[in-house]
Trainee: 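One structure, pasted below without further comment.
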Amino acid sequence: MSTYGSLIWSHIAALFQYVPQSLAIAAVLELISIIRLKMHGDRVRLYKAAVMFIFWTYMVSLVFITLLSREPGSRHDISLRLFETWGNTRLSHAFFFENILLFIPFGALLPLAFHRARRIRFTVLAGFLTSLGIETVQVITQMGYGQIDDILTNVVGTAIGFDIWLLIFEKNYLDIRRRR
C-alpha cells in the first residue's frame, strides 16, 4: 500500500474510537423521532428509521471528529488562501484527501434520509453550510484551524457522495447526470 494510503488508513482507524458514543447518541435521537411519529399517529417505516439511524450516527461522529476530539484553545489560525493546506508533506496531502473522504458519506446519506436532498444543488449547499458551520465553530472555540481548503474539500466530498447515491439508488442515473 502506498504511504499516502497507509497514512489515511491509520487516521481512519483512529476515528473508530468515536463509534460507540455516536451509536448511543444516534439511538437516542432515533428513539425520540420514533416516539414523536407514534404520538402523531404516523407509521414508522423500518427502512426510513434505519436510514435515519445511520445518518444520525454519521452526523454525531462528524461532530466528534471535527470538534470534540480537540483541545479547546489549541489552534488559532485562519487560512483563506486556496490550496494552502496541500503543503509539501505526505501528511498534509493525506489530510487534504481525508477531508474529501470525510464528507462522502454526507453526500450519499443526505438524499437517502431526506427526499428534498435528492437534488444536487440542495445536497451540495447543505454540505457547504455544514462545513462552514464546522469551520466557524472551530475558529470560535479554537478547536481547529479555519481553512477555506477544508470547506472546498468537504464540498467536493459531498458531490462525490451524491454521485455515489445517484449511481446506486437512481435508475435513471445517466439521464439525471445529463440534465445537470
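Remember, predicted model here, so these are calculated numbers, not experimental data.
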Trainee: Which pair of non-hydrogen atoms, one from G146 and one from V139, has the smallest distance, and what is that distance?
Mentor: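 Scanning both residues, the minimum pair turns out to be CA-CG2, 3.5 Å.
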Trainee: Can you hop from L110 to L125 via hydrophobic side chains spaced under 4.5 Å?
Mentor: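 The answer is yes; both residues are in one hydrophobic cluster.
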Trainee: Is it true that a side-chain atom of T123 and a backbone atom of G107 form a donor plus acceptor pair closer than 3.5 Å?
Mentor: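 The answer is no, because no donor-acceptor pair under 3.5 Å joins these two groups.
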Trainee: Of D150, D149, N99, which is the lone residue that meets side-chain hydrogen bond (donor to acceptor under 3.5 Å, both in side chains) with T85?
Mentor: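 Exactly one pass, corresponding to D149.
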Trainee: In Å and rounded to the nearest 0.5 Å, what is the CD1 to CG distance from I160 to L167?
Mentor: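 Those atoms lie 13.0 Å apart.
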Trainee: Rounded at 0.5 Å granularity, tell me how far CD in E135 sits from CG in L67.
Mentor: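 Answer rounded to 0.5 Å: 9.0 Å.
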Trainee: Can you tell me how far apart CG (L166) and CD1 (I120) are? Round to the nearest 0.5 Å.
Mentor: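 The CG atom of L166 sits 7.0 Å away from the CD1 atom of I120.
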Trainee: Quick one: pull up CE in M52 and CE in M59 and give me the separation to the nearest 0.5 Å.
Mentor: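 CE of M59 is found 10.0 Å from CE of M52.
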Trainee: Are Y145 and S79 side-chain neighbours, meaning at least one heavy-atom pair lies under 4.5 Å?
Mentor: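 Y145 vs S79: side chains apart.
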Trainee: If the condition is ring-ring contact (aromatic ring centres under 6.0 Å, His included), which residues does F96 pass it with, not counting sequence neighbours?
Mentor: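 Partners of F96 under the ring-ring contact (aromatic ring centres under 6.0 Å, His included) test: W86.
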Trainee: Determine whether L80 and V155 fall in the same hydrophobic cluster, where Ile, Leu, Val, Met, Phe, Trp and Tyr are linked whenever their side-chain heavy atoms lie under 4.5 Å apart.
Mentor: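 No, it is not one cluster - the side chains of L80 and V155 are not joined through contacts under 4.5 Å.
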Trainee: Consider only side-chain heavy atoms of I, L, V, M, F, W and Y, link residues closer than 4.5 Å, and tell whether I140 and I148 are in one cluster.
Mentor: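 In one cluster with I140: I148, no.
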Trainee: Going hydrophobic residue to hydrophobic residue with side-chain gaps under 4.5 angstrom, can you get from I32 over to F55?
Mentor: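 Hydrophobic grouping puts I32 apart from F55.
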Trainee: Testing the basics here: between R81 and E84, what is the closest heavy-atom pair and its distance to 0.1 Å?
Mentor: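 That closest heavy-atom pairing would be NH1-OE2, 3.2 Å.
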Trainee: List in chain and number order the residues that pass side-chain contact (heavy atoms from CB on, under 4.5 Å) with Y18, two or more places apart in sequence or in another chain; answer none if no residue qualifies.
Mentor: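 Here the qualifying residues are L15, S22, F64, I65, S69.
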Trainee: Using the rule that two of Ile, Leu, Val, Met, Phe, Trp, Tyr join whenever any of their side-chain heavy atoms come within less than 4.5 Å, decide whether F106 and F128 are in one cluster.
Mentor: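 Yes, F106 connects to F128 through the hydrophobic network.
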Trainee: Could you check F103 against T130 for side chain to side chain contact (heavy atoms under 4.5 Å, CB included), going step by step and ending with a plain yes or no?
Mentor: CA-CA 10 Å; F103 267 71; T130 301; 4.1 Å; yes
Trainee: Cluster partners of L31, using ILVMFWY side-chain heavy atoms under 4.5 angstrom, listed by chain and number?
Mentor: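 I35, M39, all in the cluster of L31.
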Trainee: Can you check whether L29's main-chain N or O pairs, donor with acceptor, with S33's side chain at less than 3.5 Å?
Mentor: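 No, the answer is negative, given that no donor and acceptor are paired below the 3.5 Å cut-off.
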Trainee: Would you give the length of the straight line joining atom CG of L23 to atom CD of E30, rounded to the nearest 0.5 angstrom?
Mentor: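 Answer for the CG-CD pair, L23 versus E30, is 12.5 Å.
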Trainee: Starting at CD of Q147, measure out to CG of L152 and round the result to the nearest 0.5 Å.
Mentor: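 It is 12.0 Å, given to the nearest 0.5 Å.
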Trainee: State which residues pass salt bridge (Lys or Arg N to Asp or Glu O under 4.0 Å) with R36; sequence neighbours excluded, sorted by chain then number.
Mentor: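 By the salt bridge (Lys or Arg N to Asp or Glu O under 4.0 Å) rule, R36 matches no residue at all.
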Trainee: Tell me which one of T136, N154, T153 satisfies side-chain hydrogen bond (donor to acceptor under 3.5 Å, both in side chains) with S131.
Mentor: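 One option only clears the test, and that one is N154.
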Trainee: Check side-chain contact (heavy atoms from CB on, under 4.5 Å) between L112 and all other residues, then give those that pass, not counting sequence neighbours.
Mentor: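 side-chain contact (heavy atoms from CB on, under 4.5 Å) list for L112, sorted by chain: Y47, V51, L109, W165, F169.
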Trainee: Would you list the pairs meeting side chain to side chain donor-acceptor pair (under 3.5 Å) in which at least one residue belongs to residues 107-117, sequence neighbours left out?
Mentor: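 Residue pairs passing side chain to side chain donor-acceptor pair (under 3.5 Å), neighbours aside: H115-R118.
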Trainee: Take L101 and I104, measure what side chain to side chain contact (heavy atoms under 4.5 Å, CB included) needs, and give me the verdict at the end.
Mentor: CA-CA 5 Å; L101 292 173; I104 289 174; 4.0 Å; yes
